[in-house]
**Q** 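The structure is given below, and queries will be raised subsequently.
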Amino acid sequence: ANTPLAMTPNDPGWDTDLVGTAPGPRMNATFVTLARNSDVWDIARSIRQVEDRFNKRYNYDWVFLNNEPFDDTFKTVTTSLVSGKTHYGEIAKEHWSFPEWIDQDKAKKVREDMAERKIIYGDSVSYRHMCRFESGFFFRQPLMMNYEYYWRVEPSIELFCDLHYDPFRVMHEGGKKYSFVLSLYEYAETIKTLWDSTKKFMKNHPEHIAENNSLGFISDDGGETYNNCHFWSNFEVGSLNWLRSKAYIDFFESLDQDGGFFYERWGDAPVHSIAAGLMLNKSEIHFFNDIAYYHVPFTHCPTGEETRTRLRCHCNPKENFDWKGYSCTSKFFDVNGMTKPEGWENQKD
Ligand code: GDP
Ligand code: MN
């Protein structure tokens with residue numbers, strides 16, 4: 001008969017690859033991305049992979065946040081790629097600026113000194129605003145207030161395996177508040193006094209410290225010093241209600257008062273990780289082995305050939321960072337008394 005060569009948008013079946021077919025309930029959850037307009041093509045690649053590997057069957061929303069207004073190109077490109085609803089928010093000035101108690105001269109000297117010592121992002125003001133925003137404000141943006149769970153996605157990431165379950169449901173039904181796929185040691189020069197500030201907080205707020213916490217993951221000497229282990233926060237699936245809790249807000253505000261986001265270069269990864277390590281129960285932190293992930297320069301590729309074949313993974317298992325010396329994931333397994341997956345010893349180096 002008269003079948004056209006190509007479909008057009010009004011034909012039935014045009015968008016079948018973007019119709020949520022996964023059975024089961026949907027959670028009150030969203031993807032969230034902080035980005036600049038100039039990140040559009042790098043975030044486009046990330047979205048495409050998240051959609052292909054997961055969200056085309058689930059159709060979760062996506063919130064984009066920026067310290068400047070998003071332009072039309074950014075909005076058009078991202079909306080065309082996301083199968084759920086998209087929302088675009090501009091960050092309020094107070095959430096992306098120096099608090100009034102910060103000594104500008106002192107902060108400037110730190111940046112000049114770090115630039116000389118070639119510390120990555122050491123000279124950057126915007127990177128510091130970004131880390132402070134991700135530590136203390138993204139979860140209470142007006143657009144985020146409608147949701148209970150988030151999945152953070154950055155530009156230029158890769159997802160290597162199909163994801164055949166809903167990680168938001170894993171969080172919800174398992175009573176999880178924070179999760180990760182990669183962990184490693186932080187660059188000590190950027191967080192010299194973060195643990196001193198943390199100890200001060202612990203002393204002032206013993207009521208916020210969980211009884212069955214993961215102190216053993218972040219300290220090797222019972223809390224005297226920080227061992228620099230942190231969950232890599234460019235990937236996170238977590239509970240927004242936890243981040244909005246009095247415990248977490250008290251922690252953030254205490255750190256913010258101490259000024260280390262500007263007098264040093266505290267990252268949101270150690271901040272979130274220390275908070276999770278001290279204020280959550282062990283059972284509330286989850287490791288997603290099935291979510292195969294890359295953000296320069298590290299890869300999480302699931303251990304176990306059967307898993308990788310079943311999930312149609314395209315990562316090289318040799319690149320899996322989990323069991324290498326600079327990863328903290330082995331420590332996480334030990335602290336939690338978890339059994340490491342078969343074959344982990346072969347991936348140590
Ligand atoms: P890295 O992963 O630590 O190297 O840092 P990135 O450059 O990837 O920044 C982390 C996240 O913050 C990414 O999602 C970036 O798009 C975003 N980001 C970084 N700096 C800015 C900025 O100045 N403005 C906005 N809107 N987003 C930023
Ligand atoms: Mn990044």
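We count residues from 1, following the sequence as given. In listed order, ligands and their atoms are each counted from 1.
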**Q** Between Lys85 and Asp61, does at least one N-O distance fall below 4.0 Å, as a salt bridge requires?
**A** no

**Q** Need the ligand 1 atom indices (1-based, order shown) with element for anything under 4.0 Å from a heavy-atom of Pro155.
**A** 13 (C), 14 (O), 16 (O)

**Q** Judged by modelled atom types alone, do Asp322 and Ser327 share a side-chain donor-acceptor pair under 3.5 Å?
**A** no

**Q** Would Asn67 count as a contact of ligand 1 if the rule is a heavy atom under 4.0 Å away?
**A** yes

**Q** In ligand 1, which numbered atoms sit nearer than 4.0 Å to a non-hydrogen atom of Glu154?
**A** 2 (O), 8 (O), 10 (C), 11 (C), 13 (C), 14 (O)

**Q** Are Arg53 and His164 linked by a side-chain donor-acceptor pair shorter than 3.5 Å?
**A** no

**Q** Got the closest protein heavy atom to atom 21 (C) of ligand 1, with its distance?
**A** Arg36 NH1, 3.6 Å

**Q** Any idea which N/O/S atom from Glu154 gets closest to the Mn ion (ligand 2)?
**A** OE1

**Q** Does the separation of the ring centres of Tyr60 and Phe168 fall below 6.0 angstrom?
**A** yes

**Q** Would you mind running through ligand 1 and noting each atom that sits below 4.0 Å from a heavy atom of Asp39?
**A** 16 (O)

**Q** How far is atom 3 (O) of ligand 1 from its nearest protein heavy atom, and which residue and atom name does that atom have?
**A** Tyr127 OH, 2.5 Å

**Q** Suppose we call two aromatic rings close when their centres sit under 6.0 Å apart. Are Phe98 and Phe262 close by that rule?
**A** yes

**Q** Out of all atoms in ligand 1, which are within 4.0 Å of some heavy atom of Met130? Include the element for each.
**A** 9 (O), 10 (C), 12 (O), 18 (N), 19 (C)

**Q** Run the ring-ring contact (aromatic ring centres under 6.0 Å, His included) check on Tyr293 and Phe288 step by step: do they pass?
**A** CA-CA 10 Å; Tyr293 177 81; Phe288 276 111; over 10 Å; no

**Q** Does the distance from a Lys or Arg side-chain N to an Asp or Glu carboxylate O, for Lys192 and Glu189, drop under 4.0 Å?
**A** yes

**Q** Does the separation of the ring centres of Phe287 and Phe180 fall below 6.0 angstrom?
**A** yes

**Q** Does the gap between the ring centers of Trp242 and Tyr248 come in under 6.0 Å?
**A** yes

**Q** Distance to 0.1 Å, residue and atom name: give those for the protein heavy atom nearest to atom 17 (C) of ligand 1.
**A** Leu34 O, 3.4 Å

**Q** Identify, by atom number and element, the atoms of ligand 1 in contact range of Asn66, meaning under 4.0 Å from any of its heavy atoms.
**A** 26 (N)

**Q** For atom 23 (O) of ligand 1, tell me which residue out of Trp96, Phe138, Phe70 has the closest non-hydrogen atom.
**A** Trp96

**Q** Which of the numbered atoms in ligand 1 are under 4.0 angstrom from any heavy atom belonging to Tyr121?
**A** 1 (P), 3 (O), 4 (O), 5 (O), 7 (O)

**Q** Looking at ligand 1, would His295 count as a contact under a 4.0 Å heavy-atom criterion?
**A** yes

